[in-house]
Amino acid sequence: MIDITYSAEVEAARAAGKPIVALESTIITHGMPYPQNVEVAAQVEADIRAAGAVPATMAVINGTLHVGLEADTLKSLGQAKDVAKISRADFAACIATGGTGATTVAATMIAARLAGISVFATGGIGGVHKGAETSFDISADLLELAQTPVTVVAAGAKAILDVPKTLEVLETQGVPVIAYGQDSFPAFWSATSDLKAPLRMDSATEIARAHFLRGAMELPGGQLVANPIPVQDQIAATDLAPIIAQAQSEADAQGVTGKDVTPFLLQRIFELTEGRSLEANIALVRNNARLAAEIAKELAKL
């Protein structure tokens, strides 16, 4: 068996059958600088507690999978250097070599499954990158959603991606894509897009029941719940389009590829929006955490 260390809070929640929400750790190590990263992570955890569930931030530390981080461990991770960004391909290798790694969406889903956690809140999933017809750059997150039974609450796919192609891959892989409370598929920093979501649900109860029934039907994979950013926190898609195009053009010109593309683009968009993109990102992550807690509570009843 894999060596798992549970935080005291998560251990108590597991024993009592309380609802638990998984959280990723790349937002801590690769998303923003210290101490803001730790402050935001702590705030998201507090949002989940306030909504009646227990947060479980995932990370690999010195070869051990941690499900839930104690406050001092979270702070240490937030200051650590050269932390690996792990996904399905290198998760086991990081553990085997005693490494320290932050979990992406795919790795967090795997960690949640290992810990018996069914709901995960994140910012936005990875997907099909622009130009993928020649680069074949497609995030492992999409295939993870097709095979790992975790409901992922996100504000859609990251807006830097080719979102129509991302939705096509999810459809091909049989992943339910559920817009929460609207017909439009959210566009990450923007609440709506011109893309219609495949499914719509208006309550955490419906989403939890759909998750439960997929398990009862023995269907593999999870669900993507696309939760729109609160309108007061969004950046209009028309404002973002030229900024994203400029950042992508710079990435292409500099030969940025693979895992380096997303952090490069997000950093340039942060700079070009004078920090507004990060403010929106924090707002949408907190919003997703609150909805995930509601879904986890409904699942606990089932």
Side-chain angles (χ1 to χ4, degrees), residues 1-2 4 6 10 13-24 53-56 58 65 67-68 86-92 95 103-122 124-128 138-154 156-157 165-181 185 196-227 288 291-302:
M1 290 292 290
I2 183 172
I4 301 178
Y6 296 95
V10 172
R14 281 164 51 85
K18 289 184 178 179
I20 303 173
V21 175
L23 296 168
E24 63 163 278
V54 173
M58 307 294 185
L65 172 60
V67 175
I86 56 175
S87 190
R88 168 170 280 264
D90 46 11
F91 198 159
I95 293 173
T103 56
T104 59
V105 168
T108 306
M109 290 182 72
I110 294 168
R113 177 183 58 78
L114 290 169
I117 300 170
S118 298
V119 184
F120 161 36
T122 187
I125 63 161
V128 180
I138 301 174
S139 171
D141 296 352
L142 303 186
L143 294 180
E144 205 61 53
L145 277 159
Q147 60 187 312
T148 301
V150 174
T151 287
V152 178
V153 183
K165 285 190 178 70
T166 297
L167 287 172
E168 286 292 342
V169 171
L170 288 168
E171 180 185 25
T172 299
Q173 294 294 329
V175 177
V177 177
I178 304 162
Y180 181 65
F185 186 73
K196 188 177 187 299
L199 297 165
R200 171 179 175 164
M201 292 185 185
D202 296 332
S203 72
T205 305
E206 290 177 327
I207 296 166
R209 183 156 175 76
H211 177 106
F212 178 80
L213 288 173
R214 282 183 66 82
M217 295 167 71
E218 299 184 356
L219 292 170
Q223 304 181 125
L224 174 61
V225 178
N227 184 32
N288 295 341
L291 177 57
E294 296 301 326
I295 297 167
K297 288 193 295 184
E298 292 299 320
L299 260 179
K301 296 175 185 176
L302 296 171

- Note on the structure: Closest non-hydrogen atoms of Leu199 and Pro176, given as atom of the first, atom of the second and distance, are CD1-CB, 4.0 Å

- Measure the CD1-CG distance between Ile125 and Leu170 for me, rounded to the nearest 0.5 Å. 5.0 Å

- Heavy-atom pair with the smallest gap, counting every atom of Val21 and Ala296: CG2-CB, 3.9 Å

- Item | side chain to side chain donor-acceptor pair (under 3.5 Å) involving Thr108 - partner list, sequence neighbours excluded | Thr103

- How would you list, by chain and number, every residue that makes a side chain to side chain contact (heavy atoms under 4.5 Å, CB included) with Ala208, sequence neighbours excluded? Ile295, Glu298, Leu299, Leu302

- Item | Summary of salt bridge (charged side-chain N to carboxylate O under 4.0 Å, His left out) pairs that have at least one residue in residues 140-151, sequence neighbours excluded | Arg88-Glu144

- Message: Contact between Thr122 and Asn288 at the side-chain level, heavy atoms closer than 4.5 Å - yes or no?
- Response: no

- Task: First locate atom OG1 of Thr104, then atom CE of Met109, and finally report the distance between them rounded to the nearest 0.5 Å.
- Result: 10.5 Å

- Query: Can you name the residues that form a salt bridge (charged side-chain N to carboxylate O under 4.0 Å, His left out) with Arg209, not counting sequence neighbours?
  - Reply: none

- Message: Please find the pair of heavy atoms, one from Gly181 and one from Arg200, that lie closest to each other, and give the distance.
- Response: O-NH2, 3.3 Å

- To the nearest 0.5 Å, what is the distance between CD (Glu294) and CD1 (Ile207)? 10.5 Å

- Note on the structure: For Phe120 and Glu24 the tightest heavy-atom approach is CE1-N, 3.6 Å

- Applying side chain to side chain contact (heavy atoms under 4.5 Å, CB included), name anything that partners Ala226, two or more places apart in sequence or on another chain. Phe185, Pro186

- Query: Quick one: side chain to side chain contact (heavy atoms under 4.5 Å, CB included) partners of Gln173, sequence neighbours excluded?
  - Reply: Leu143, Ala146, Val169, Val175

- Within-4.5 Å side-chain heavy-atom neighbours: Val128 and Leu142: yes

- Could I get the full list of side chain to side chain contact (heavy atoms under 4.5 Å, CB included) partners for Ala56, not counting sequence neighbours? Val10, Ile20, Met58, Val67, Ile117

Would you be so kind as to tabulate the donor-acceptor pairs closer than 3.5 Å made by side chains of residues 211-219, with sequence neighbours excluded?
{"from": "His211", "atom 1": "ND1", "to": "Thr151", "atom 2": "OG1", "distance (Å)": "2.7"}
{"from": "Arg214", "atom 1": "NH2", "to": "Pro220", "atom 2": "O", "distance (Å)": "2.7"}

- Item | Heavy-atom closest contact (Gly124 atom, Ala154 atom, distance) | CA-CB, 4.0 Å

- Message: For a quick test of reading the model, state the closest non-hydrogen atom pair linking Arg14 to Ala115 and the distance between them.
- Response: NH1-O, 2.9 Å

- Salt-bridge contact Lys165-Glu168 (side-chain N to carboxylate O under 4.0 Å): no

